[in-house]
Amino acid sequence: MSDLLSLIDKLERTHSLTLAEYEALLTQRGEGPASALRERAVRVRKAVYGSTVFTRGLIEISSWCKNDCLYCGIRHSNQKAQRYRLSPSDILACCREGWELGFRTFVLQGGEDPWFTDEVLCPLLEQIKAEFPHCAVTLSLGERSRESYQRLFDAGADRYLLRHETADKAHYEQLHPAGMSWDHRMECLRTLKEIGYQVGCGFMVGSPGQTEKELAKDLKFVETFRPAMCGIGPFIPHKDTPFGSQPGGSVELSCYLLSILRLIQPNLLLPATTALGTLDPLGREKGIQAGANVVMPNLSPVSVRKKYMLYDNKICTGEESAQCRGCLAARMSSIGYELVSDRGDPREIEN
Ligand code: 5AD
Ligand code: FES
């Protein structure tokens, strides 16, 4: 424990540990180190962001996906998955509703659906930007070409979320079919950053084959890549995937990692994810109390929500957008935090 406390001290002071040190911090974890990390992470997040929680309106634009990630419920070969695609006018209607509810950031997320070409997305981005001039638009649409990323950026996209899923190439290959490449995914992340997007990476916690060694690499990757945002949440099996009978990840380890990530990069945007809330009714509150500072209520039309089933028992699939936002506002205020209605850009700080 005292060894771990000195590692935690070093992490807070220097924002960096060696791979072996990250691994030790993970393998020797327990309630003692967890509460030490939590306490420091909350102190650091309060110094940077106070008690505010940023909010992003999540619009799940398509459940079609050409990929076949082994963990994902909307993978191409899941013939039981229900497929839908929102039209640009459906998406604009979600943004309008979101704007009225106070959202100033919209996240357009979907599977890798070839229907959403640049020709479809660019005019849509321009319309969103014209109608809601000071909002931020985040895309989360998987791997595309540099040219496409550039065109979408030029059309007004501000941010891009592309979880790296795992920073270990061999582990990536355990989670994905042969056609998918870890090198290409990492290259996409670098390209997005070069173009000027605020980039979000991220990984699942407790995915099949993951040990503390892989997680240590994920932490090192975040430390060196310096994303604007990092989305993490527990792996949750989906019954109609090859990993359907694998054990899921834990809320406890996810929160432990959130605290470490906060100390690695004090201004990092860290969402308390829906997956956390799915595994534990108080999961998102626990995420915030471990150092997270973002929540992403669902703005998708209720009629499609049950069709965007990345994993079993996903929450927020029956509620209207206003209910989702109200629910999260109440949850945040119950633990002494306040949902704010702005773009929620990362704060510039000296590290
Ligand atoms: N459990 C938890 N998270 C998942 N994702 C996909 N499938 C699952 C699952 N079964 C995550 C991936 C992806 C993001 C959109 O959702 O990390 O990048
Ligand atoms: Fe890859 Fe859905 S099949 S994220």
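Numbers here simply count residues along the sequence, with the first being 1. When a ligand or atom number is given, it counts from 1 through the structure's own listing order.
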Measure from the side-chain N and O atoms of Ser51 to the backbone N and O of Glu338, and report whether any donor-acceptor pair falls under 3.5 Å. no
Met204 near ligand 1, heavy-atom distance under 4.0 Å? yes
Under 3.5 Å between any N/O of His238 and any N/O of ligand 1: does that happen in this structure? no
Would you find a donor on one side and an acceptor on the other, under 3.5 Å apart, between the side chain of Tyr149 and the backbone of Thr191? no
Are the charged groups of Lys10 and Glu21 less than 4.0 angstrom apart, N to O? yes
Among the heavy atoms of Ser207, does any lie under 4.0 Å from an atom of ligand 1? no
Below a 4.0 angstrom heavy-atom separation, can you tell me which part of Cys69, side chain or backbone, both or neither, approaches ligand 1? neither
Exam field: side chain Lys314 to backbone Tyr308, donor-acceptor pair closer than 3.5 Å: yes
Run down the list Lys314, Glu60, Glu165, Gln109 and name the one with the heavy atom closest to atom 18 (O) of ligand 1. Glu165
What I want to know is whether Cys72 and ligand 1 share at least one N or O pair that is separated by under 3.5 angstrom. no
Contact atoms of ligand 1, heavy-atom distance to Arg163 under 4.0 Å: 11 (C), 12 (C), 17 (O), 18 (O)
For the backbone of Gly73 and the side chain of Thr241, can you confirm whether one donor and one acceptor N or O come within less than 3.5 Å of each other? no
Would you please test His164 and Asp218 for side-chain hydrogen bond (donor to acceptor under 3.5 Å, both in side chains) and show each step? CA-CA 9 Å; His164 63 285; Asp218 288 318; 3.0 Å; yes
